[in-house]
J.: 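One structure, as structure tokens, below. Some questions next.
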Amino acid sequence: MMSQELEGIRRLRSGTLYMIIVPLLLTLLPAAVALGFGLAGYPRTIVGPGMVHVRYVSYGGAAALGALMAVVALGVVSLVLMVMSFVNLREGFSMLALAGRGGLTGSAGVIVVLVGILIVIVGALLSLIGGLLLIMVGLVIIVVGYIFIGVGFFEVGSSYNNGILEAGGILVAIPLLITSFIGLILCYIGLGEVESKLSARSPV
């Protein structure tokens with residue numbers, strides 16, 4: 001039972017770490033896109049005696065292609081990490097729920113978020129035929145899912161009497177990007193404390 005709890009905490013912590021990394025990677029996307037446009041070329045105005053003309057300055061297609069590849073790479077890595085995050089969170093919450101340590105709500109939350117993401121994707125594909133409504137519904141479902149995940153973290157924190165994990169769960173459940181992000185960091189720290197305690201008690 002102890003090994004199952006420890007593995008569940010470790011999976012939760014890994015999933016939480018991936019959830020922290022993904023938004024950090026996504027913040028680099030606008031910079032990469034801007035760099036790509038910049039390298040593709042930009043107009044430069046030159047003023048001389050009695051004349052004004054515009055010269056188009058370009059750093060070459062190869063450099064712009066490199067920036068585009070960086071954008072694609074960031075997107076792919078973010079997608080992979082997000083999938084790994086959901087898998088680890090789902091398995092971690094499920095293991096702890098079976099061990100009687102809470103987390104059943106969090107496990108359901110992961111499924112709800114995935115359903116919401118799927119609805120958003122379908123809405124985006126049908127954007128010309130009423131897809132906006134689907135996107136809005138999907139976003140609401142994702143928010144509800146994250147609230148469930150936050151409650152799951154709180155349940156686990158309460159079970160192990162870890163205040164940092166409880167506080168992190170509360171912040172994750174608040175539907176604001178900054179509070180959720182800070183909450184994930186607190187959850188990662190709290191899960192680390194729980195993992196250390198379980199490792200100390202676990203037989204070698």
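What you are looking at is a predicted structure, and each value in this text was computed from that prediction instead of being measured. Side-chain atoms are counted along with the backbone in the values below, which use heavy atoms only and exclude waters and symmetry mates.
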J.: Is there a side-chain contact between Tyr18 and Met82, using heavy atoms and a 4.5 Å cut-off?
T.: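 No, side chains not in contact.
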
J.: Could you check if a side-chain atom of Leu74 sits within less than 4.5 angstrom of a side-chain atom of Leu26, using non-hydrogen atoms only?
T.: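 No, too far: nothing below the 4.5 Å cut-off.
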
J.: Could you report the tightest heavy-atom contact between Glu166 and Ser158, atom names first, then the distance?
T.: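 Smallest interatomic distance, heavy atoms only, reads OE2-OG, 2.7 Å.
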
J.: When rounded to the nearest 0.5 angstrom, what is the spacing between CG in Leu12 and CG in Leu17?
T.: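 Rounded to the nearest 0.5 Å, the CG-CG separation comes to 12.5 Å.
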
J.: Kindly give the heavy-atom pair with the smallest separation between Gly123 and Ile135, and that separation in Å.
T.: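 Result for this residue pair: C-CG1, 3.6 Å.
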
J.: Hydrophobic cluster membership, with links at side-chain heavy-atom distances under 4.5 Å among I/L/V/M/F/W/Y: are Val83 and Met19 in one?
T.: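 No, because Val83 and Met19 fall into different hydrophobic clusters, even though each may have its own neighbours under 4.5 Å.
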
J.: Do you know which of Ile164, Asn162, Leu96 makes side chain to side chain contact (heavy atoms under 4.5 Å, CB included) with Val194?
T.: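 Among Ile164, Asn162, Leu96, the one that satisfies the side chain to side chain contact (heavy atoms under 4.5 Å, CB included) with Val194 is Asn162.
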
J.: Restricting to pairs with a member in residues 89-112, which pass ring-ring contact (aromatic ring centres under 6.0 Å, His included), not counting sequence neighbours?
T.: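 Checked against ring-ring contact (aromatic ring centres under 6.0 Å, His included) - neighbours excluded - the pairs reaching residues 89-112 are Phe93-Phe153.
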
J.: Identify the two heavy atoms, one from Val110 and one from Ile149, that lie closest to each other, and give their separation to 0.1 Å.
T.: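 That would be N-CG1, 3.9 Å.
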
J.: Count I, L, V, M, F, W, Y as connected when their side-chain heavy atoms are under 4.5 Å apart, and connections chain through other members. Are Val115 and Val122 then in the same cluster?
T.: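 Yes, same cluster.
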
J.: Is Val87 linked to Val76 within one hydrophobic cluster, defined over Ile, Leu, Val, Met, Phe, Trp and Tyr using a side-chain heavy-atom separation of less than 4.5 Å?
T.: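 Different clusters.
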
J.: Just distance, no hydrogens or angles: give the donor-acceptor pairs under 3.5 Å from side chains in residues 174-183, sequence neighbours left out.
T.:
residue: Thr179; atom: OG1; partner: Ile174; partner atom: O; Å: 3.4
residue: Thr179; atom: OG1; partner: Leu176; partner atom: O; Å: 2.9
residue: Ser180; atom: OG; partner: Val172; partner atom: O; Å: 3.2
residue: Ser180; atom: OG; partner: Ile174; partner atom: O; Å: 3.1
residue: Ser180; atom: OG; partner: Leu176; partner atom: O; Å: 3.0

J.: Could you pull out the closest heavy-atom pair between Gln4 and Ala99, with the gap in Å?
T.: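 Where Gln4 meets Ala99 most closely, the heavy atoms are NE2-N, 3.8 Å.
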
J.: Is any side-chain heavy atom of Leu6 closer than 4.5 Å to one of Ser199?
T.: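 They are in side-chain contact.
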
J.: Indicate, with yes or no, if Leu114 and Val143 share a hydrophobic cluster defined by side-chain heavy-atom contacts under 4.5 Å among Ile, Leu, Val, Met, Phe, Trp and Tyr.
T.: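 In one cluster: no.
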
J.: Say you draw a straight line from CD1 of Ile121 to CG of Leu134; how long is it, rounded to the nearest 0.5 Å?
T.: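 CG of Leu134 is found 12.0 Å from CD1 of Ile121.
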
J.: Establish whether Ile147 and Val140 are linked, either directly or via other cluster members, by ILVMFWY side-chain heavy-atom contacts under 4.5 Å.
T.: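 Looking at the clustering, Val140 is in a separate group from Ile147.
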
J.: Taking all heavy atoms of Gly103 and all of Ala97, pick out the closest pair and write down the distance.
T.: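 That closest heavy-atom pairing would be C-CB, 4.4 Å.
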
J.: Look up atom CD in Glu195 and atom CD in Glu7, then write down how far apart they are to the nearest 0.5 Å.
T.: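 If we round to the nearest 0.5 Å, Glu195:CD and Glu7:CD are 9.5 Å apart.
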
J.: Are any non-hydrogen side-chain atoms of Val144 and Val113 less than 4.5 angstrom apart?
T.: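 A side-chain contact under 4.5 Å is absent here.
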
J.: For Leu104, I'd like to know if atom CG has over 12 heavy atoms of other residues, nucleotides or ligands within 6.0 Å.
T.: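 Not buried by this count: 12 neighbours or fewer within 6.0 Å.
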
J.: Report yes or no: do Glu5 and Tyr160 form a side-chain donor-acceptor pair below 3.5 Å?
T.: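 Short answer, yes.
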
J.: Are any non-hydrogen side-chain atoms of Phe86 and Ile117 less than 4.5 angstrom apart?
T.: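 Yes. Closest side-chain heavy atoms under 4.5 Å.
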
J.: To the closest 0.5 Å, what do you measure between CD (Glu155) and CZ (Phe148)?
T.: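 These two atoms lie 10.5 Å from each other.
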
J.: What is the distance from atom OG of Ser196 to atom CZ of Arg201, rounded to the nearest 0.5 Å?
T.: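 It is 11.5 Å, given to the nearest 0.5 Å.
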
J.: Which atom names give the shortest non-hydrogen contact between Gly168 and Cys187, and what distance separates them?
T.: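 Scanning both residues completely, I find the closest heavy atoms to be C-SG, 3.4 Å.
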
J.: Mind jotting down which residue pairs meet the side chain to side chain donor-acceptor pair (under 3.5 Å) criterion with at least one end in residues 86-95? Sequence neighbours excluded, please.
T.: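 Every pair satisfying side chain to side chain donor-acceptor pair (under 3.5 Å) with a residue in residues 86-95: Arg11-Glu91, Arg90-Ser107, Ser94-Ser107.
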
J.: Answer yes or no: is there a side-chain heavy-atom contact under 4.5 Å between Leu165 and Leu186?
T.: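 Result no, sub-4.5 Å side-chain heavy-atom pair not found.
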
